[in-house]
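Notes to accompany the following structure.
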Amino acid sequence: MGFSLFPKDVKFFDLFKDQNRKLLKAVTILDEIFHSFEDVEDRCTRINIIEAEANTISRRISTELSSTFITPIDREDIHQINITQEALINIVKATATRIGLLDCGEVLYPSRRLVRSLKIMIEEAGHLLGKLSQNKPAKEHIEIIKAHKYECEMLLLVGLGELYETKDQKKDDAASIIHIVKWNHIYGRIEQAVERAERLSDVLEGVLLKHA
């Protein structure tokens, strides 16, 4: 597709919202895995399918951006929204893959709370996108995201603290060490997802401020 100086009617916000709906669908399934550890393989497969669909949307956004001269918001902001949502769904997929493959035993309670907060952050980011497309204020959504980011920081500290608690375990117990390593991987991925969700909120807030 060639570059054109003539404006095109590319509905970037519609594409962003489609992308966010895929992301929300994937994190909802991840939340189901952490709260009801059943049919994990089937749920992971569904997340993989959704991730592939979201990647198609991401590529379309990139293609449209490269061939569109006039855009509704700054080109860099379009790029950042796109790659941040794409990265988020990739991390959601990676988290699901790890919880499915690592045989971690009982799902730890802090991880359930973390994934639920992550889901809320992504849902609120979707509302933010809607307000941004209408150029409406969205302070309440930003505050909710920040509140859940703070809660996630506390939950991570609690989760890692409980993970390394050894009063009922021998430090040289191989099974305990493996358990810690597995959950370190999972907590690490959830933390990455939370940070990306906050990054998405920051980008959207910046765009709102530019166009206030």
Side-chain angles (χ1 to χ4, degrees), residues 11-64 78-104 107-133 141 144-145 148-149 151-152 155-156 159 182-183 185-204:
K11 294 180 170 53
F12 283 104
F13 285 114
D14 288 345
L15 291 171
F16 288 148
K17 286 184 274 190
D18 286 345
Q19 192 181 35
N20 185 267
R21 280 190 286 270
K22 298 293 183 186
L23 175 56
L24 182 59
K25 188 181 294 186
V27 79
T28 297
I29 297 172
L30 184 68
D31 182 56
E32 291 170 359
I33 291 173
F34 274 77
H35 282 81
S36 174
F37 200 69
E38 299 172 352
D39 303 321
V40 176
E41 184 176 351
D42 176 65
R43 284 170 168 166
C44 287
T45 299
R46 287 160 57 198
I47 289 176
N48 290 343
I49 293 170
I50 294 167
E51 187 257 354
E53 294 169 348
N55 284 343
T56 299
I57 298 172
S58 177
R59 287 193 297 272
R60 183 182 172 193
I61 293 171
S62 296
T63 300
E64 296 287 2
I78 292 174
H79 176 65
Q80 286 298 322
I81 295 169
N82 182 29
I83 64 172
T84 304
Q85 291 203 117
E86 181 185 23
L88 251 173
I89 198 163
N90 289 338
I91 299 170
V92 167
K93 174 187 172 182
T95 306
T97 299
R98 278 159 177 73
I99 194 73
L101 292 179
L102 292 180
D103 189 21
C104 297
V107 177
L108 302 181
Y109 178 71
S111 70
R112 295 179 181 178
R113 290 277 304 278
L114 279 162
V115 173
R116 180 60 56 84
S117 284
L118 173 63
K119 176 186 172 184
I120 293 171
M121 291 174 75
I122 291 170
E123 190 172 20
E124 292 299 320
H127 295 319
L128 253 176
L129 277 168
K131 294 293 180 65
L132 180 58
S133 66
H141 302 299
I144 291 171
I145 292 171
H148 279 278
K149 172 60 166 59
E151 181 177 340
C152 286
L155 286 167
L156 274 167
K182 288 178 178 179
W183 275 100
H185 278 294
I186 294 169
Y187 276 130
R189 289 294 180 174
I190 297 173
E191 183 178 19
Q192 288 177 14
V194 169
E195 288 172 351
R196 288 284 183 170
E198 182 188 34
R199 170 61 181 158
L200 177 60
S201 172
D202 289 343
V203 172
L204 295 175

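This structure is a prediction, so every number in the text was calculated from the model and none was measured.
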Discussion item. To the closest 0.5 Å, what do you measure between CG (Leu88) and CD (Gln192)?
Written reply: 10.5 Å
Worksheet item: For Arg189, which residues count as a salt bridge (Lys or Arg N to Asp or Glu O under 4.0 Å) partner, sequence neighbours excluded?
Response: none
Worksheet item: Got Ile50 and Ile29 here, is their nearest side-chain heavy-atom distance under 4.5 Å?
Response: yes
Worksheet item: Distance from Lys93 atom NZ to Thr95 atom OG1, nearest 0.5 Å?
Response: 12.0 Å
Worksheet item: Which atom names give the shortest non-hydrogen contact between Ala96 and Ile47, and what distance separates them?
Response: CB-CD1, 3.6 Å
Worksheet item: What distance separates Leu200 CG from Thr84 OG1, expressed to the nearest 0.5 Å?
Response: 6.0 Å
Discussion item. Just to verify, what does Asn55 make a side-chain hydrogen bond (donor to acceptor under 3.5 Å, both in side chains) with, not counting sequence neighbours?
Written reply: Glu51
Practice prompt. Using the test side chain to side chain contact (heavy atoms under 4.5 Å, CB included), find all partners of Ser111 that sit at least two apart in sequence or belong to another chain.
Written response: Phe34, Val107, Leu108, Trp183, Tyr187, Ile190
Fill in: Any side-chain heavy-atom pair of His185 and Cys104 under 4.5 Å
no
Worksheet, complete the sentence: Applying salt bridge (Lys or Arg N to Asp or Glu O under 4.0 Å) to Arg59 and not counting sequence neighbours gives none
Discussion item. Minimum heavy-atom separation for Arg112 and Asp31, please, with both atom names.
Written reply: O-OD1, 4.5 Å
Worksheet entry | Gln19 side chain reached by Lys22 side chain, heavy atoms, under 4.5 Å | no
Worksheet item: Is there side-chain contact between Arg199 and Val203, with heavy atoms separated by less than 4.5 Å?
Response: yes
Practice prompt. Ignoring hydrogens and angles, tell me if any N or O in the side chain of Ser201 forms a donor-acceptor pair with the backbone of Ala197 under 3.5 Å.
Written response: no
Worksheet item: Side chains of Gln85 and Ile89: does their closest heavy-atom pair fall under 4.5 Å?
Response: no
Fill in: With Glu191 via side chain to side chain contact (heavy atoms under 4.5 Å, CB included) - residues at least two apart
Leu156, Glu195
Response to the item:
For residues 81-92, the salt bridge (charged side-chain N to carboxylate O under 4.0 Å, His left out) pairs (sequence neighbours left out) are none
Worksheet item: Can you name the residues that form a side-chain hydrogen bond (donor to acceptor under 3.5 Å, both in side chains) with Arg21, not counting sequence neighbours?
Response: Asp18
Fill in: Atom NZ of Lys149 with >12 non-hydrogen neighbours under 6.0 angstrom
yes
Worksheet item: Atom CD in Glu41, atom CD1 in Ile33: separation rounded to 0.5 Å?
Response: 11.0 Å
Worksheet item: For the atom pair CD1 (Ile91) and CZ (Arg196), what is the distance rounded to the nearest 0.5 Å?
Response: 5.5 Å
Worksheet item: Listed by chain and number, what are the side chain to side chain contact (heavy atoms under 4.5 Å, CB included) partners of Leu101, not counting sequence neighbours?
Response: Thr97
Worksheet entry | Results of side-chain hydrogen bond (donor to acceptor under 3.5 Å, both in side chains) for Glu32 - residues two or more places apart only | none
Discussion item. Nearest 0.5 Å, please: how far is CZ in Phe13 from CG in Asn20?
Written reply: 13.0 Å
Worksheet item: Do His35 and Arg116 have side chains that get closer than 4.5 Å, going by heavy atoms?
Response: yes
Worksheet entry | Check: Phe12 main-chain N/O paired with Glu64 side-chain donor or acceptor under 3.5 Å | no
Side-chain polar contacts of residues 117-130 - donor-acceptor pairs under 3.5 angstrom, sequence neighbours left out - could you list them?
{"from": "Ser117", "atom 1": "OG", "to": "Arg113", "atom 2": "O", "distance (Å)": "3.4"}
{"from": "Ser117", "atom 1": "OG", "to": "His148", "atom 2": "ND1", "distance (Å)": "3.2"}
{"from": "Glu124", "atom 1": "OE1", "to": "His141", "atom 2": "ND1", "distance (Å)": "2.7"}

Discussion item. List the residues meeting side-chain hydrogen bond (donor to acceptor under 3.5 Å, both in side chains) with Thr45, not counting sequence neighbours, and say none if there are none.
Written reply: none
Discussion item. Checking Ser62 now: which residues fulfil side chain to side chain contact (heavy atoms under 4.5 Å, CB included) with it, not counting sequence neighbours?
Written reply: Asn82
